[in-house]
Structures are given as structure tokens and as C-alpha cells.
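These notes concern the structure reproduced below.
Per chain, numbering begins at 1; letters A, B, ... match sequence-line order. All values derive from a computational prediction rather than experimental measurement.
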Amino acid sequence: QKEVEQDPGPLSVPEGAIVSLNCTYSNSAFQYFMWYRQYSRKGPELLMYTYSSGNKEDGRFTAQVDKSSKYISLFIRDSQPSDSATYLCAMSDPETSGSRLTFGEGTQLTVNP
Amino acid sequence: DTEVTQTPKHLVMGMTNKKSLKCEQHMGHRAMYWYKQKAKKPPELMFVYSYEKLSINESVPSRFSPECPNSSLLNLHLHALQPEDSALYLCASSHPGQSNEQYFGPGTRLTVT
């Protein structure tokens, strides 16, 4: 079993839809949670970074962490064609893994105009 | 400024060539990383430098040789590569410590012929 499971998609939605991207994890020692957006043939771009359980909002993006359920989500409101990309969740356990990030496999999102 | 730059953008090399990938950041980060990413897969960690010292080598073959000349620069020297080493090579940086909020560069797309 992988430490981080991410819904693989691909996911295709109409413009303006609310998108929900999700990851579950098995390692309860994970403390830091990140969402990266990666456009085709580009490097990953850090979108959201959270530490504690709860919600964090940045514009159209909301990151949600539920440590009790070992579940994280990224919500995109009013999705745009420019949001079409692969979204990677990542998390870390600094106590034992130091600088290592554990990534999900990524969800490919297409927003259709 | 959250920019990590990488050169070259693209590189084609034969199996007998020697080449180098370069990475630079000016965010004052003291941890720098090399990752390898194959198509439709998440990044795989190769090396971590912390305060200009190699702290993690993920059992990478010796045909990949990292170097950190100073706190802003990171090189990856390549020699006698195999076609299966063709991939997107990503550099990232962060503050050392527990947050692991890593910022990625755009990558170098390497093709080994």
C-alpha cells in the first residue's frame, strides 16, 4: 500500500465548476501538507501549504486537512481553463524523513471552456 | 521572489558525453534538491544539500554527480548516461528545517541517445 493515495483522474469539468481534489495517507506522522500545480512540461508550482487541521483559503483555492481521517483536499472555485494542469499533493514527516516529500501520483485536471 | 532558475531548458546527449545541469536560487534558502521526473509520475528525490553539504543521496548511480559550489548554486554533472535516464530533471530549494516548503525550478528536459 502506498503511503499517499491520490485520485488519479483524469478529471474533466466545465468552466465555472467547483473542483475537489483529494489525497489520503497512512502515515500519521505527516505534519506538513502541500499542493503543487504542474503544467505540461513545466516544474511543479507550490499552490498551498498547510500545517494543521482545518481550512486555508487563497483566492479561488481552499486547502483542507483532516488529520483524524488522514485526508486532505484542494477545492478550486469558479474553475478556469487556465487551471488545466496536473495537481500533486505532497506531505512530509520532518522528524523521521527530514527533507523528503512524499508525493501522490497526481490528478490531471482539464477545465473545458 | 520565489524563483529557481535552471539551465539548459533542453539537453540532448549521447551515452559517452559529459554534461552539466545548473540551478540557481536567490531566496536565501540553504537547502537545495535534485529530482528526476518521468512522464505522468511524481518527482523522485535524488539528492539533498543542506548548508552546502550533501545530506541525502537516494542511492543514485554514480553517473550522476551533484555539486553545491555555494549557497545559491547547485550543479548536476552527468557522465555515461543510459537512455532510461531521459527525464525532466528538477531543482528545488527550501529553508532547511521542518517546513519543507519546497520551490521548484522549471526543469531541464534531458534526452539520452
Please list, one pair per line, the donor and acceptor atoms closer than 3.5 Å that link side chains of residues 52-63 of chain B to other protein atoms, with sequence neighbours excluded.
residue, atom, partner, partner atom, Å
Glu52(B), OE1, Arg30(B), NH2, 2.9
Glu52(B), OE2, Arg30(B), NE, 3.0
Glu52(B), OE2, Arg30(B), NH2, 3.0
Ser55(B), OG, Val48(B), O, 3.3
Asn57(B), OD1, Ser59(B), N, 3.1
Asn57(B), OD1, Val60(B), N, 3.0
Glu58(B), OE1, Arg100(A), NH2, 3.2
Glu58(B), OE2, Arg100(A), NE, 3.1
Arg63(B), NE, Asp85(B), OD2, 2.7
Arg63(B), NH2, Asp85(B), OD1, 3.1
Arg63(B), NH2, Asp85(B), OD2, 3.4

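- Minimum interatomic distance between Gly43(A) and Leu90(B) (heavy atoms only, all atoms of both residues): CA-CD2, 3.7 Å.
- Of all the listed residues (Ala39(B), Gly107(B), Pro43(B)), the one sharing the greatest number of non-hydrogen pairs under 4.5 Å with chain A is Pro43(B).
- With rounding to the nearest 0.5 Å, the separation of CZ in Arg109(B) from CZ in Arg41(A) is 4.0 Å.
- Clustering ILVMFWY residues whenever any of their side-chain heavy atoms sit less than 4.5 angstrom apart, transitively, puts Val112(B) in the very cluster that holds Leu21(B).
- Looking at Gln37(B), the atoms closer than 4.5 Å to chain A (heavy atoms on both sides) all sit in the side chain, from C-beta outward.
- Taken to the nearest 0.5 Å, the CZ atom of Phe104(B) stands 8.5 Å off from the CG atom of Leu88(A).
- Using a 4.5 Å heavy-atom threshold, the side chains of Gln102(B) and Leu46(A) count as separate.
- For Lys41(B), the NZ atom is loosely surrounded, since the number of other residues' heavy atoms within 6.0 Å does not exceed 12.
- Cluster annotation: Leu88(B) and Val4(B) are assigned to the same hydrophobic cluster (Ile/Leu/Val/Met/Phe/Trp/Tyr, side-chain heavy-atom contacts under 4.5 Å, transitive).
- By the criterion of side-chain heavy atoms lying less than 4.5 angstrom apart, applied directly or through intervening Ile, Leu, Val, Met, Phe, Trp or Tyr residues, Tyr89(B) is grouped together with Leu11(B) in one hydrophobic cluster.
- The local environment of NZ in Lys42(A) is sparse, with at most 12 non-hydrogen atoms from other residues, nucleotides or ligands closer than 6.0 Å.
- Linking ILVMFWY residues whenever their side-chain heavy atoms come closer than 4.5 Å, directly or via other members, leaves Met46(B) and Tyr35(B) in distinct clusters.
- Proximity to chain B (any heavy atom under 4.5 Å) is restricted, for Gln38(A), to the side chain, taken from C-beta onward.
- Among residues 102-113 of chain A, the residues having any heavy atom closer than 4.5 Å to a heavy atom of chain B are, in sequence order, Phe103(A), Gly104(A), Glu105(A), Gln108(A).
- Note on Leu78(B) and Met15(B): same hydrophobic cluster, where clusters join Ile, Leu, Val, Met, Phe, Trp and Tyr whose side-chain heavy atoms are under 4.5 Å apart, directly or indirectly.
- At a 4.5 Å heavy-atom cutoff, the contact between Tyr36(A) and chain B is made by side-chain atoms alone.
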